[in-house]
Amino acid sequence: MTPQLDAAPDLAAPARFDTLPLDAKLQRAIGDAGYETMTPIQAKAIPIVLEGRDVMGAAQTGTGKTAAFSLPLLQKMLKHENASASPARHPVRALVLAPTRELADQVAVNVKTYAKHSNLRVACVFGGIDIAPQTAELKRGVEVLIATPGRLLDHIQLKNCQLNQVEYVVLDEADRMLDIGFLPDLQRILSFLPKTRQTLLFSATFSPEIKKLAQSYLQDPVLVEVARPNATATNVEQRFYSVADEDKRRLIAQILRQRDIRQAIIFVNSKLGAARLARTFERDGLRTAALHGDKSQDERLKSLAAFKAGEVDLLVATDVAARGLDIADLPAVFNYDVPFNAEDYVHRIGRTGRAGASGIAITLATRDDARLVGDIEKLIKKTITLETAELENDRPRRRRETEEAPAALNEPRPMAAPAAAPAPRPVRSRSSQDPFFDRPYEPDPKAAPVWEDSPAPVSPSAGVNPVSNPVHKPKRRIATLLGGKMPT
DNA sequence: AAAAAAC
């Protein structure tokens with residue numbers, strides 16, 4: 001064998017975590033998690049963070065940015081790990097900010113996993129839930145704090161935590177944290193931190209304007225880019241369909257069946273739209289959950305957990321779910337609405353195709369969406385071909401009188417609408433045009449219980465009829481529902 | 001045209 005051939009595999013081999021100068025406690029946790037080799041963003045960013053430099057890191061969705069900042073940050077934190085033994089006040093040493101509560105929670109779960117063999121105390125605070133337990137935890141002292149901006153400001157105001165000795169700040173989804181909606185809160189929070197500190201910004205998307213703005217929050221930063229910013233993950237198949245609004249639901253049903261997709265997130269642009277669409281899929285008997293800002297935090301976390309656990313097949317969500325959420329092996333993402341911001345498109349479809357898996361992203365565009373689709377094309381630098389949706393079963397036959405109606409239709413709908421509520425919409429009149437309703441109903445005895453088993457009405461502020469959930473009807477899995485042929 | 005983030 002020639003020396004060249006011997007050398008080649010070594011050069012190509014991805015760097016291993018165990019080559020990093022990380023404490024044995026962290027190495028053990030990495031090993032426990034089953035991680036061996038680093039992703040490109042991890043291989044590049046971790047040594048630079050360890051050096052103490054400010055970093056602006058850009059890498060595609062699903063390539064391990066959380067570990068890229070968490071591991072070196074924890075390494076740096078280890079010098080504080082026995083602060084809990086000291087009777088003095090315990091200042092926060094590292095702060096991680098995230099734009100949504102679910103993402104903050106997820107980051108905290110990750111950081112805690114990496115920190116589990118150390119004595120570091122990691123806490124997470126966000127709004128929508130009882131503040132008292134968070135206050136108690138903060139007062140006992142934490143070294144690493146993960147937070148959403150609003151609740152953190154609350155805690156600052158209440159003097160529940162001391163941020164004047166923060167050494168490390170991470171902005172996860174940094175471009176979002178720096179955008180106009182978050183910037184005032186962010187600036188207030190930063191005003192409580194020491195000027196001398198290490199700042200890390202990570203995202204899959206950075207616009208030129210945000211990049212420039214970000215410079216003012218960084219000192220002599222290193223730009224770590226493993227892909228052109230705004231690049232979509234290469235392992236996600238992207239398709240765009242031109243379709244009328246009223247056909248969108250049927251097209252989704254058709255694609256789910258044709259491509260045998262077992263689970264999907266369906267993104268819509270508004271909370272009301274999410275609540276409504278989720279309700280229609282639910283009426284169709286699909287195991288569906290909704291995730292949007294008009295739901296209680298308890299419902300939001302339950303929706304996400306049920307989806308992650310596979311107890312729910314369709315998650316209808318607003319952009320609250322667009323960024324960062326790591327749902328293992330999610331096969332598909334639908335954009336029921338084209339997102340208003342092209343960046344959000346990159347993040348939405350980044351929920352699939354994570355950690356090297358393949359995924360499919362399907363965007364449904366009406367004729368009014370041409371400009372938004374153009375924006376996406378420009379951002380991701382890929383040519384978009386708008387396909388015309390070929391709807392099967394365009395004129396479904398009417399069910400004959402003698403034929404037994406699907407059980408789903410015969411079941412009494414639990415419409416216990418309060419007297420004040422408007423009458424439920426007449427869903428049945430549309431049923432014969434709806435492929436879903438023409439499916440025979442086969443209860444799946446093995447189907448996992450649906451989390452909504454306790455009444456979880458959509459928030460009235462969402463403007464949806466406050467009918468209680470059809471909870472006692474077993475939900476059908478997509479596979480069961482769509483497994484057979486469509487009626488002709 | 002919206003969503004998110006505190007009470």
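Chain letters run A, B, ... following the sequence lines, proteins first, then strands; residues in each count from 1.
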| task | Apply side chain to side chain donor-acceptor pair (under 3.5 Å) to A:Tyr217 and list each qualifying residue two or more places apart in sequence or on a separate chain. | result | A:Gln187
| Is a donor-acceptor pair below 3.5 Å formed from side chain A:Asn341 to base B:dA2, judging by atom type as modelled? | yes
In this structure, how many angstroms lie between the [atom2] atom of [N] and the [atom1] atom of [X], rounded?
X        : N     : atom1 : atom2 : value
A:Asp175 : B:dA3 : CG    : P     : 19 Å
A:Gln297 : B:dA6 : CD    : P     : 9 Å
A:Leu152 : B:dA6 : CG    : P     : 9 Å
A:Leu186 : B:dA5 : CG    : C1'   : 12 Å
A:Arg176 : B:dA5 : CZ    : P     : 11 Å
A:Met177 : B:dA3 : CE    : C1'   : 14 Å
A:Phe340 : B:dA4 : CZ    : C1'   : 14 Å
A:Asp344 : B:dA4 : CG    : P     : 11 Å

Side chain of [X] (C-beta onward), nearest among [options]:
X        : options             : answer
A:Leu372 : B:dA1, B:dA2, B:dA6 : B:dA1
A:Asp154 : B:dA4, B:dA3, B:dA6 : B:dA6
A:Ser270 : B:dA2, B:dA6, B:dA4 : B:dA2
A:Arg300 : B:dA4, B:dA2, B:dA5 : B:dA5
A:Arg371 : B:dA5, B:dA4, B:dA1 : B:dA1

| message | Looking at B:dA4, I'd like to know if its phosphate oxygens (OP1 or OP2) sit under 4.0 Å from a side-chain N or O belonging to A:Thr318. | response | yes
| query | Is the distance from OP1 or OP2 of B:dA6 to the nearest side-chain N or O of A:Thr148 less than 4.0 Å? | reply | yes
| task | State yes or no: are the ring centers of A:Phe240 and A:Tyr345 separated by less than 6.0 Å? | result | yes
| Taking only residues at least two apart or on different chains, which pairs with a member in residues 102-112 of chain A satisfy side-chain hydrogen bond (donor to acceptor under 3.5 Å, both in side chains)? | A:Glu102-A:Gln297, A:Glu102-A:Arg300
| said: What contact category does A:Gly127 fall into here, base, sugar-phosphate, or nothing, at under 4.0 angstrom with non-hydrogen atoms? | reply: sugar-phosphate
| Main-chain N/O of A:Phe206 paired with A:Lys211 side-chain donor or acceptor, under 3.5 Å | no
| task | Ignoring hydrogens and angles, tell me if any N or O in the side chain of A:Glu377 forms a donor-acceptor pair with the backbone of A:Ile384 under 3.5 Å. | result | yes
